[in-house]
Amino acid sequence: MWGGHYAAGPAAVMAEINVSIDVDKRMYAQDIRASQAHAAMLAAQGILSAKDAKAIRMGLDMILREIEDGVFVFSAALEDIHMNVESRLREIIGDAAGRLHTARSRNDQVVNDFRLWLRDSIDQIDNALADFQAALIDKAEKHAALLMPGYTHLQPAQPVTFGHHMLAYVEMAGRDRARFADTRKRVNEMPLGAAALAGTSFPIDRQKVAGELGFDRPMANSLDAVSSRDFAQEFLAAATILGTHLSRLAEEIVIWANPSFGFIKLSEAFTTGSSIMPQKRNPDAAELVRAKVGRLLGAFTALTVVMKGLPLTYAKDMQEDKEQVFDAADTLRLSIAAMAGMIRDMQPQKAALDRALQDGFITATDLADWLVRAAGIPFRDAHHITGRIVRLAEEKACRLDQLTLKDMRAIDARITDEIYGVLDPARAVASRTSFGGTAPKNVQKAAREARKRFLKT
Ligand code: ARG
């Protein structure tokens with residue numbers, strides 16, 4: 001392609017380090033579509049003859065079909081997707097193919113393709129996240145009143161409902177979607193027409209091409225257009241944050257599925273057996289989702305280090321951008337789908353959850369709150385009194401509601417038998433009616449509202 005002043009071919013290792021076709025061929029559809037829009041614009045502007053533009057359009061259509069039918073022969077010697085397509089175009093339509101690259105460079109072409117690809121990918125991730133939210137909301141509605149221990153420090157804290165716990169992840173996924181949607185705004189600006197770096201002397205119409213390709217606008221500065229990759233960093237940052245959310249839920253599934261907890265059962269569809277221990281049901285999918293965030297952060301780190309300190313404008317370093325983003329997008333597709341699958345698959349186990357609610361004096365806060373409400377005791381003092389009651393229950397190895405009134409009154413005489421009413425986890429949960437709280441009525445309503453806020457009906 002730059003044969004004019006090159007007599008010899010590249011060293012084998014030069015060709016090997018330079019080639020990117022195995023990675024960037026994934027952008028073939030975007031490359032072809034953008035070339036067609038570019039050629040149409042060149043013709044409309046009188047830069048290209050109508051005849052050549054037509055040949056280019058038809059030749060590119062044919063190449064698209066060849067690639068989609070799996071008969072296109074990709075050549076490593078042609079380096080990347082752009083030169084593979086252009087070279088094949090020349091075979092099909094002859095010299096007119098050489099006019100396609102007028103007023104364009106691979107520098108603006110590659111990042112244009114990349115932005116188009118990423119835009120589609122963000123839309124797919126958004127759909128996948130909506131499906132994940134739908135799975136969570138369905139589970140939340142079904143188990144809006146199912147009690148479970150809520151934890152802080154992974155120690156029993158206060159009872160909550162299983163539905164409330166599911167809805168926590170709906171909110172996280174909602175913010176993830178918002179982050180991707182916001183990133184998409186900055187992805188959806190068109191670099192094409194920046195040419196190599198400085199713009200072009202040809203009378204091109206960038207608005208027209210931008211409209212054709214669904215971009216919001218052409219990028220305002222040609223140097224920025226060919227050399228910026230913050231849109232990709234931003235995508236990877238959002239991907240990493242989403243990955244942390246998925247990994248937290250994955251970790252909870254691993255814990256809940258452990259027989260010592262037994263809070264959920266996963267079917268054979270989402271577990272694996274062991275070749276040596278016949279009793280095993282391992283939550284491999286959850287473990288893998290838990291691990292995947294490492295790849296995502298790795299991708300963000302890799303691209304950020306590539307971009308750090310790069311002088312304007314384009315440098316070949318930037319060819320390293322796509323592999324990271326493609327890997328992250330693949331990782332998310334798989335992780336989100338696996339997670340939605342596990343949420344639909346898992347069956348909460350009421351007996352185990354009830355058993356767990358017997359541990360850890362989980363309604364101690366309700367006891368303290370009662371002392372405040374019914375006996376007018378300041379919360380700090382109520383906390384102290386409750387602590388002594390808990391210690392007594394520990395000594396007697398019994399639950400709070402198994403202590404006698406006499407025992408409790410020995411600690412504080414203001415306690416009456418009304419206290420037993422608040423020690424029941426179901427009562428405790430039902431009383432948490434503050435906005436955003438875990439009372440089953442709230443959870444039902446929150447699930448309905450989440451459906452409206454996040455899902456198309
Ligand atoms: N394959 C290259 C990339 O991914 C395309 C741009 C090449 N530009 C250049 N001036 N060599 O970045």
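The shown structure was predicted, so the numbers you read here are calculated from the model rather than taken from an experiment. Both counts, for ligands and for their atoms, begin at 1 and track the order of listing.
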Notebook entry, point to check: So does Arg179 pair up with Glu234, basic N to acidic O under 4.0 Å?
Noted result: no

Notebook entry, point to check: Would you call Asp138 and Arg344 a salt bridge, using N to O less than 4.0 angstrom?
Noted result: no

Notebook entry, point to check: Identify the closest protein heavy atom to atom 5 (C) of ligand 1: which residue and atom is it, and at what distance?
Noted result: Asp80 OD2, 3.5 Å

Notebook entry, point to check: Which residue and non-hydrogen atom of the protein lie closest to atom 2 (C) of ligand 1, and at what distance in Å?
Noted result: Gln319 OE1, 3.2 Å

Note to self: What I want to find out is whether Arg453 reaches Glu171 closely enough, with some N-O distance under 4.0 Å, to be called a salt bridge.
What the structure shows: yes

Notebook entry, point to check: Is any NZ, NE, NH1 or NH2 atom of the basic residue among Asp345 and Lys139 found under 4.0 Å from an Asp or Glu carboxylate oxygen of the other?
Noted result: no

Next item on the list: Could you list the atoms of ligand 1 found under 4.0 angstrom from a heavy atom of Ser20?
Entry: 1 (N)

Item checked: For Asn107, atoms of ligand 1 separated by under 4.0 Å from a heavy atom -> 8 (N), 9 (C), 10 (N)

Next item on the list: Return the residue, atom name and 0.1 Å-rounded distance of the protein heavy atom closest to atom 7 (C) of ligand 1.
Entry: Tyr314 OH, 3.5 Å

Item checked: Residue pair Phe162, Trp256: steps toward the ring pair (Phe, Tyr, Trp, His ring centres under 6.0 Å) verdict -> CA-CA 12 Å; Phe162 197 84; Trp256 293 346; 5.6 Å; yes

Next item on the list: Record the part of Lys322 in heavy-atom contact with ligand 1 below 4.0 Å; permitted values are side chain, backbone, both and neither.
Entry: side chain

Notebook entry, point to check: Using 4.0 Å as the upper bound for N to carboxylate O, is an ion pair formed by Lys292 and Asp330?
Noted result: no

Checklist line | Protein contact of atom 11 (N) of ligand 1 - nearest heavy atom, named by residue and atom, plus distance | finding: Arg106 NH2, 3.5 Å

